[in-house]
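Only heavy atoms go into these numbers, but all of them, side chains included; no hydrogens, no water, no symmetry mates.
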Amino acid sequence: MKNLIVLTGAGVSAESGLKTFRDSDGLWMGYNVYDVATPEGYKKDPKLVLDFYNMRRKEVAAATPNAAHLGIASLQEYFNVTVITQNIDDLHERAGSKKVLHLHGEIFKMRGERHGNALFDIRGDIQIGDIAPDGTQFRPHVVWFNEPVPMIEEAARVMSGADVFVLTGTSLQVYPAAGLIDVLRTEVPKYIIDIHPPYVPSHHNFHVIEKTATEGMTLLLQKLANR
């Protein structure tokens with residue numbers, strides 16, 4: 001069975017009602033992203049940051065997978081599918097995708113403040129004073145700007161083994177995730193699904209489907225199911 005790798009971003013979950021990470025005004029849910037998504041912002045006002053992600057956790061819990069999530073999961077009938085996502089929600093898993101690699105962390109996990117700490121499930125809120133086993137404050141397991149991306153090497157390894165590649169819901173503006181397409185072998189069939197497709201150099205040979213994630217995935221399913 002061929003390896004199909006899907007790289008997804010916030011646009012996939014937008015149709016489930018989850019706002020994209022960064023809107024055109026530089027705000028995320030009304031907050032400056034540097035106040036709530038950087039180590040500096042966390043150090044300055046940890047309660048603000050914890051409260052922000054507590055709200056995000058509630059929103060993700062209330063959201064449901066959309067047709068794009070379900071379509072990606074259905075590709076498992078025809079391919080060995082791995083989803084590499086920049087999203088911190090669990091909608092791919094709830095849609096039925098078996099192998100999901102979260103580049104930027106997971107909203108339903110938390111860890112202590114030291115890098116590389118053990119992960120713990122969290123469905124409720126994280127409060128100031130909630131202490132990890134190593135004695136540090138619990139924080140969301142989310143990769144903020146200016147932090148290393150621990151899963152990037154594993155993602156590159158997976159990408160290098162792709163036989164088919166699909167990109168959807170990401171602007172390719174956030175590195176190092178955006179650089180993953182450079183790992184793909186030249187001969188691999190590549191597809192972009194996006195109503196506003198991101199720029200990719202012509203040598204990457206992408207087939208572009210200018211549709212929303214849900215509409216485009218329906219079209220792609222028809223194409224790939226007949227390969």
Side-chain angles (χ1 to χ4, degrees), residues 4-24 27-31 33 36-37 49-110 119-126 140-143 151 155 165-172 174 177 191-198 209-225:
L4 186 147
I5 312 304
V6 187
L7 176 60
T8 70
V12 169
S13 294
E15 292 180 80
S16 290
L18 299 179
K19 293 270 286 196
T20 56
F21 187 88
R22 189 166 190 174
D23 294 325
S24 58
L27 301 179
W28 185 22
M29 306 299 293
Y31 293 82
V33 293
V36 295
V49 175
L50 293 180
D51 287 347
F52 178 82
Y53 287 95
N54 290 339
M55 289 188 287
R56 303 289 77 73
R57 199 173 295 110
K58 289 182 175 69
E59 289 168 356
V60 172
T64 55
N66 62 50
H69 297 107
L70 295 168
I72 290 168
S74 71
L75 286 167
Q76 294 170 135
E77 294 181 41
Y78 312 100
F79 299 93
N80 176 30
V81 178
T82 301
V83 179
I84 300 172
T85 186
Q86 295 171 267
N87 300 336
I88 59 176
D89 62 64
D90 66 341
L91 297 182
H92 282 300
E93 287 91 340
R94 279 194 266 157
S97 288
K98 303 298 184 188
K99 291 190 285 188
V100 184
L101 191 159
H102 287 268
L103 283 175
H104 295 155
E106 300 177 63
I107 193 65
F108 292 120
K109 293 189 184 298
M110 62 181 179
L119 303 179
F120 299 85
D121 292 335
I122 174 70
R123 304 300 296 191
D125 292 346
I126 305 174
H141 176 52
V142 175
V143 176
M151 299 303 293
F165 176 70
V166 180
L167 175 76
T168 184
T170 175
S171 62
L172 292 180
V174 178
Y191 301 89
I192 292 178
I193 300 172
D194 207 301
I195 196 72
H196 301 295
I209 301 174
E210 286 195 47
K211 299 286 185 182
T212 63
T214 53
E215 293 173 330
M217 188 53 62
T218 300
L219 294 174
L220 185 64
L221 278 168
Q222 295 169 357
K223 183 187 293 284
L224 293 181

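Atom CZ of F108 and atom CD of E93 lie 10.0 Å apart (nearest 0.5 Å). If you take CG on L221 and CD1 on I72, they are separated by 9.0 Å, rounding to the nearest 0.5 Å. Rounded to the nearest 0.5 Å, atoms OH (Y191) and CZ (F165) are 12.5 Å apart. M151 contributes atom CE, which lies 7.5 Å from atom CG of L103 (distance to the nearest 0.5 angstrom). Between the CD1 atom in I84 and the NZ atom in K99 there is a gap of 11.0 Å [rounded to 0.5 Å]. The line from CG of N54 to CD1 of I126 is 6.0 Å long, rounded to the nearest 0.5 Å.
Between the side chain of H102 and the main chain of N87, a donor-acceptor pair closer than 3.5 Å is present. For the pair N66 (side chain) and A68 (backbone), a donor-acceptor distance under 3.5 Å is present. Using a distance-only test at 3.5 Å, with no hydrogens or angles considered, no donor-acceptor pair links the side chain of Q222 to the main chain of M217. When atom types are taken as modelled, the side chain of S13 and the backbone of G9 share no donor-acceptor pair closer than 3.5 angstrom. Within the 3.5 Å criterion, the main-chain N or O of V36 finds a donor-acceptor partner in the side chain of Y53.
Here the side chains of R57 and I122 are in contact, with some heavy-atom distance below 4.5 Å. Residues V6 and T82 form no side-chain contact, since every pair of their non-hydrogen atoms from C-beta on lies 4.5 Å or further apart. Contact of the K211 side chain with the L219 side chain is registered, since non-hydrogen atoms from C-beta on lie closer than 4.5 Å. Side-chain contact between E59 and L18 is present, with heavy atoms from C-beta onward closer than 4.5 Å.
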Carefully, step by step, assess E210 and D194 under the rule side chain to side chain contact (heavy atoms under 4.5 Å, CB included). CA-CA 5 Å; E210 286 195 47; D194 207 301; over 6 Å; no
Using side chain to side chain contact (heavy atoms under 4.5 Å, CB included), reason through V81 and I5 one step at a time and then give a plain yes or no. CA-CA 6 Å; V81 178; I5 312 304; over 6 Å; no
Can H141 and L119 be said to form a side chain to side chain contact (heavy atoms under 4.5 Å, CB included), step by step? CA-CA 7 Å; H141 176 52; L119 303 179; 3.5 Å; yes
Criterion side chain to side chain contact (heavy atoms under 4.5 Å, CB included) on V83 and L101, from CA distance to verdict: CA-CA 6 Å; V83 179; L101 191 159; over 6 Å; no
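The side-chain contact (heavy atoms from CB on, under 4.5 Å) with D90 is formed by just one residue from the set I107, T85, V60; it is V60.
Between T64 and L91, the shortest heavy-atom distance links the atoms C-CD2, 4.0 Å. Between Q86 and H104 the shortest heavy-atom distance is O-ND1, 3.3 Å. Taking every heavy atom of both residues into account, L50 and P140 meet most closely at CD2-CD, 3.7 Å. A63 and S16 make their closest contact through CB-O, 3.8 Å (heavy atoms, listed as atom of the first residue, atom of the second, distance). Smallest separation of non-hydrogen atoms from G11 and A213: O-CB, 4.2 Å. Counting all heavy atoms, side chain and backbone alike, G96 lies closest to A73 at C-CB, 3.9 Å.
Here K58 pairs with D125 under the salt bridge (Lys or Arg N to Asp or Glu O under 4.0 Å) rule; sequence neighbours left out. Partners of K98 by salt bridge (Lys or Arg N to Asp or Glu O under 4.0 Å), not counting sequence neighbours: none found. Contacts of H69 classified as ring pair (Phe, Tyr, Trp, His ring centres under 6.0 Å), with partners at least two apart in sequence or in another chain: H92.
For the residue pair T212/E215, the side-chain donor-acceptor check at 3.5 Å is satisfied. T8 and T168 share no side-chain donor-acceptor pair at under 3.5 Å.
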